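Heads up: the structure comes next, in structure tokens.
The model shown is predicted, which means the values in this text are computed figures rather than measured ones.
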Amino acid sequence: VLDEVNRLSAALKAQGIVGGDRVAILCRNHRHMVISMVALMQVGARMLLLNTMASASQVGELVAREGAKRIIIDQEFLAEVEEIDSAQLVVAWADDDTHGLTTLSDLTQGQPTADHPKPEHTGSIVIFTSGTTGLPKGARRKEPDNLDPLLTFFGSIPYEGNSTVVLAAPLFHSWGLLNFGFGLSTVPTYVLRRRFAPDQVIRDIAEHRAKVLVVVPLMMQRMVDVDPEVVASNDVSSLQITASSGSALAGELATRFMDTFTDSVYNFYGATETGWATIASPADLRAAPGTAGRVPWHTVTKVLGEEGQELPAGETGVIYVGNTMLFAGYTDGNNKDFRDGLMHTGDLGYFDEAGRLFVAGRDDDMI
């Protein structure tokens, strides 16, 4: 794999990609996407992770707005870029004839495998919001200053070294990318599939004795709804961590999942912009179904009233967060609202007497 990364890094440089250049990726989870991401960081480029559910108009507008010089794309999404100059396209996963389009294999043919020096311009990542209220915003992720984020993450979600991780959440999504990036420090074996199928995920956990599953709540719902015979015929007792984030996790779903599989659900509450705010353990979710969890180490999460005062347990207000994983602003130059150094999440919530956070709705809904 390292040889493939080095070949692609050399090919990108030969194509004129230099530090700071924007390169978009529109791919599902597979080895070519991983190799592309690492190569782009090795070159020092700005990587634009496009949502595979984006429409053709959104893709076109985002590529133009962000100034992407190349688009690394799976063949199945070529219909979304018909209005874009084909010279900008590089096909990653090809199902059949690419009709003359350049593929990653074409690009890397004959390129050297020698290691590359550290780029003068540090690579960066842009993750796009869902775009439910307009064109998705690009959220720039900044490189942490130290290892505190790793200590916070692994202090709350106890990954073990040399584990097998079934990474079902998409890599273009903050949650999939976070687990992939942080997980690399534990020397894991990753199981990636291009499309999510609940019965296949269950079989993958059993076959590979996976200790970690990375999902979004909708995937958990589909897994508990699978044919009971699939559950009964696959031993998933190895599963120690089901890391969930990306949308609200209903308490009923968390307990039903743990009743069906293992007591393994760790739910991460946060956002692309804020990073984590709270993390709920299996014990938290058993004791208080529906909780968003507790505030982890080196994180400040407060519930504030209309005048900016911190509210006591049981009172609902606006949730604000401060940690070392806050984003570096939107690519259009805008930022989130802050109060006393804490970022506005856009959510309402309250703490219970035990220090567990509950999300009660959106701040936009407050009258």
Side-chain angles (χ1 to χ4, degrees), residues 27-34 51-53 74 76-77 93 95 157-180 182-183 186 188-269 279-293:
C27 296
R28 296 193 187 275
N29 287 11
H30 50 68
R31 64 181 285 112
H32 303 305
M33 182 179 186
V34 171
N51 191 322
T52 57
M53 297 296 290
D74 286 350
E76 67 177 289
F77 301 119
W93 187 283
D95 295 300
I157 304 180
Y159 270 64
E160 295 179 358
N162 301 297
S163 296
T164 295
V165 179
V166 176
L167 219 169
L171 287 172
F172 68 74
H173 188 278
S174 297
W175 186 234
L177 184 66
L178 176 68
N179 279 271
F180 173 79
F182 280 15
T186 67
T189 296
Y190 285 127
V191 178
L192 296 173
R193 290 192 182 273
R194 293 179 61 227
R195 295 179 183 275
F196 173 79
D199 53 343
Q200 183 63 64
V201 167
I202 294 168
R203 285 193 290 268
D204 284 341
I205 295 168
E207 178 183 350
H208 300 288
R209 305 303 297 157
K211 291 185 177 180
V212 181
L213 169 65
V214 182
V215 290
V216 297
L218 180 59
M219 293 175 175
M220 294 172 62
Q221 182 66 61
R222 291 184 61 190
M223 288 178 68
V224 298
D225 289 340
V226 81
D227 183 348
E229 178 56 33
V230 174
V231 177
S233 60
N234 287 278
D235 177 9
V236 298
S237 59
S238 62
L239 188 61
Q240 299 175 3
I241 297 169
T242 299
S244 168
S245 188
S247 61
L249 174 62
E252 178 183 298
L253 175 57
T255 53
R256 187 180 170 201
F257 184 95
M258 291 192 289
D259 289 344
T260 303
F261 300 106
T262 63
D263 267 29
S264 58
V265 179
Y266 289 82
N267 188 52
F268 170 114
Y269 163 64
I279 301 174
S281 68
D284 290 325
L285 293 166
R286 286 290 189 189
T291 183

All side-chain contact (heavy atoms from CB on, under 4.5 Å) counterparts of [X], not counting sequence neighbours:
X: Thr255; answer: Arg286, Pro289
X: His32; answer: His30, Ala92, Trp93, Leu104
X: Arg31; answer: Val1, Glu4, Ile35
X: Ala254; answer: Leu249, Leu285

[atom1]-[atom2] distance between [X] and [Y], expressed to the nearest 0.5 angstrom:
X: Ser163; Y: Lys211; atom1: OG; atom2: NZ; value: 4.5 Å
X: Ser281; Y: Ile241; atom1: OG; atom2: CD1; value: 11.5 Å
X: Thr52; Y: His173; atom1: OG1; atom2: NE2; value: 11.0 Å
X: Asn267; Y: Ile157; atom1: CG; atom2: CD1; value: 9.0 Å
X: Leu167; Y: Leu192; atom1: CG; atom2: CG; value: 6.0 Å
X: Asp284; Y: Thr291; atom1: CG; atom2: OG1; value: 6.0 Å

Tell me, please, which residues at least two apart from [X] pass ring-ring contact (aromatic ring centres under 6.0 Å, His included).
X: Tyr269; result: none
X: Tyr266; result: none
X: Phe172; result: none
X: Phe77; result: none

Contact summary for [X] and [Y], nearest pair of heavy atoms:
X: Val191; Y: Thr164; answer: CG2-CG2, 3.8 Å
X: Thr262; Y: Ser237; answer: CG2-CA, 4.1 Å
X: Gly183; Y: Pro188; answer: O-CD, 3.3 Å
X: Trp175; Y: Ala169; answer: CD1-CB, 4.3 Å
X: Asn234; Y: Ile202; answer: CB-CG2, 3.8 Å

Can you find a heavy atom in the side chain of [X] that is under 4.5 Å from one in the side chain of [Y]?
X: Val34; Y: Tyr190; answer: no
X: Thr242; Y: Phe261; answer: no
X: Asn179; Y: Tyr159; answer: yes
X: Arg209; Y: Asp235; answer: yes

What pairs meet the ring pair (Phe, Tyr, Trp, His ring centres under 6.0 Å) rule with one or both residues in residues 197-241, with sequence neighbours excluded? none
Who are the salt bridge (charged side-chain N to carboxylate O under 4.0 Å, His left out) partners of Glu76, not counting sequence neighbours? Arg28, Arg194, Arg195
Who pairs with Asp204 by salt bridge (charged side-chain N to carboxylate O under 4.0 Å, His left out), at least two apart in sequence or on another chain? Arg193
Name the atoms and distances for all side-chain donor-acceptor pairs under 3.5 Å in residues 212-228, with sequence neighbours left out.
unit_1, atom_1, unit_2, atom_2, d
Gln221, NE2, Asp225, OD1, 3.4
Gln221, NE2, Asp225, OD2, 3.1
Asp225, OD1, Arg256, NH1, 3.2
Asp225, OD1, Arg256, NH2, 3.1
Asp227, OD1, Glu229, N, 3.0

